[in-house]
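All values below come from the heavy atoms of this structure, side chains included, with hydrogens, waters and symmetry mates left out.
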Amino acid sequence: PRTEYHDLPDFIREEDFLNWPDYLAQMPTMKAVQDIDALLALQRPYLAYLSNRPYLAAQMGGDFWLDCSRDDMLGRLMRKTYNHATAFIMSNPWSLSHARRYGMNNLVFLQAIFDEEFYSPGTSDVRKEWEQKSGGSFFVISTARLDDWKRNDIGLDGFARFLAKNPDARLVLMYWGEKKENFLSKLSGLGIEDRVIFLPFSGKAKLVEYLRGADCMIDQFSYGNFGFTAVEAMGCGLPVILRFVKDQYDSLYEGAPPMIYAETPEHVSKALEKLYESKDYRKDVGQGQRTWFVENMGARTWGERYSNLLIATALGHTFDFGNSPLTAPLTREEIEYHEDQLDNAPDFPNYM
């Protein structure tokens, strides 16, 4: 009888209580959503699953990649959550490879959507502050997390080369991330620490002010996938320099976004030089990115598709994923890749 389980609310499954009791500490949130007909859950999607409400799952990044890879209570709960969703809305190409590894096939591709009125071009008073504070006149911003995953060092090296020829340039750096202290040493080693403006970790409204005040952005150079930092900049009409795999975005969208490709410090330096030399070029790149952003990620364009999926979810509709390409047997290439990765993986458990 349920009385054996401390008078649990009716919506809590007994098996969930037995398997994941630690997460029931978030009971107030689960109770708060009981009147909601359908949820769109991401980052902590297990709250939707444990709430026992109809839901769609989505991903931010590490929630589907790192958290689901763990073989502990969190990892098992996250995999259960994504598998149990009416559908998993994916917008990042690498989600497909992780889904294959986890044995999931309930994926539906929909673009991540952003408020195109909030993320939009405009002027900002912060630029005058930067000019007065630093004496610079060309501002290169980076808001990506400072860690080894993003390969921020490539952008820093590229900016240092560019700065040597253009001393009025300044790097505007959002100071956050697990390895942020390491970057102070990196800046000192490059001899550019006095040409850097540090920004605190900020909310989105302040972030938009920063993006509007800059001339361009240098983003990540590691995975070949662009994240929210690049999309936010595109929405504000700010030229973005980064490494991305064009072919995969050509296959998912009607053409990849017109961002500036770079994978080495030299590429970054040359891209900055071209943007620095021509205000018209900066404007053209920014406008091209803004147009792509509105057409491919604008809420007015794509929000209705999310609404339709949520309505279907609320009505109890189920989707047949039996013909999904993800159900195909593993290829020899995939098997060999997985075996190689397991052979070279650190001893279990290794979650850092």
Test log, rule side-chain hydrogen bond (donor to acceptor under 3.5 Å, both in side chains), inputs N105 and T327 | CA-CA 6 Å; N105 64 2; T327 62; 5.4 Å; no

So, for F226 and L242, which heavy atoms are closest and what is the spacing to 0.1 Å?
-> CB-CD1, 3.7 Å

Where the side chain of S307 meets the backbone of G303, is there a donor-acceptor pair that is under 3.5 Å apart?
-> yes

Would you name the heavy atoms of T143 and M217 that are closest together and state the gap between them?
-> OG1-CE, 3.5 Å

Pairs satisfying salt bridge (Lys or Arg N to Asp or Glu O under 4.0 Å), at least one member in residues 100-116, at least two apart | R100-E334, E116-R300

Counting only heavy atoms not in D194, do more than 12 sit closer than 6.0 Å to its CG atom?
-> yes

Taking all atoms of both residues into account, what is the closest heavy-atom pair of L272 and G158, and its distance?
-> CD1-O, 4.4 Å

Side-chain donor/acceptor of R290 to backbone N/O of P121, under 3.5 Å = no

Measure the acute angle between the ring planes of F114 and F228, then classify it against the limits of 30° and 60° as parallel, tilted or perpendicular.
-> perpendicular

Hey, does the side chain of D215 reach the backbone of F139 with a donor-acceptor pair shorter than 3.5 angstrom?
-> yes

Return yes if some donor-acceptor pair links the side-chain N/O of R127 with the main-chain N/O of G213 below 3.5 Å, else return no.
-> yes

With a 6.0 Å cut-off on ring centres, are H317 and F319 close enough?
-> yes

With a cut-off of 6.0 Å (strictly less than), are more than 12 heavy atoms of other residues, nucleotides or ligands near CG of N323?
-> no

More than 12 foreign heavy atoms under 6.0 Å from CZ of F118: is that the case here?
-> yes

Donor-acceptor pair, R170 side chain versus P167 backbone, under 3.5 Å?
-> yes

Walk me through it: do L156 and K186 pass the test side-chain contact (heavy atoms from CB on, under 4.5 Å)?
-> CA-CA 8 Å; L156 292 180; K186 178 71 174 176; 3.7 Å; yes

Under the 3.5 angstrom rule, does the side chain of S124 hit a backbone N or O of V126 as a donor-acceptor pair?
-> yes

Are L66 and Y23 connected in the hydrophobic side-chain network, where two residues link if heavy atoms are under 4.5 Å apart?
-> yes

Looking at V240 and A230, what are the two nearest heavy atoms and their distance?
-> CG2-O, 4.0 Å

For this output row, return yes or no: ring centroids of F162 and Y276 closer than 6.0 angstrom.
-> yes

Search all heavy atoms of Y55 against all heavy atoms of T81 and return the closest pair with its distance.
-> OH-O, 2.5 Å

Between A99 and L326, which heavy-atom pair has the shortest distance, and what is it?
-> CB-CD1, 4.3 Å

Between E209 (side chain) and D125 (backbone), is there a donor-acceptor pair under 3.5 Å?
-> no

Check whether any side-chain N or O of D340 sits under 3.5 Å from a backbone N or O of E336 as a donor-acceptor pair, and report yes or no.
-> no

So is K246 actually on top of Y261's ring, under 6.0 Å and inside 45° of the axis?
-> no

Let me see the working for D71 and R76 under salt bridge (charged side-chain N to carboxylate O under 4.0 Å, His left out), right down to the final yes or no.
-> CA-CA 6 Å; D71 193 28; R76 294 169 190 172; 3.1 Å; yes

For the hydrophobic clusters of this structure (ILVMFWY residues joined by side-chain heavy atoms under 4.5 Å, transitively), does one cluster hold both V231 and F244?
-> yes

Is it true that atom CD of E333 has more than 12 heavy atoms of other residues, nucleotides or ligands lying nearer than 6.0 Å?
-> no

Between W292 (side chain) and G255 (backbone), is there a donor-acceptor pair under 3.5 Å?
-> yes

Mind checking whether F88 and F321 have ring centres under 6.0 Å apart?
-> no

How about Y49 and Y82: are their ring centroids closer than 6.0 Å?
-> no

Spell out, as yes or no, whether a donor-acceptor pair under 3.5 Å connects the side chain of R13 to the backbone of L50.
-> no

Looking at side-chain heavy atoms only, is the closest gap between Q111 and Y253 below 4.5 Å?
-> yes

Ring centres of W20 and Y46 under 6.0 Å apart?
-> no

Pairing residues for Q43 by the side chain to side chain contact (heavy atoms under 4.5 Å, CB included) criterion, not counting sequence neighbours = M60, D63

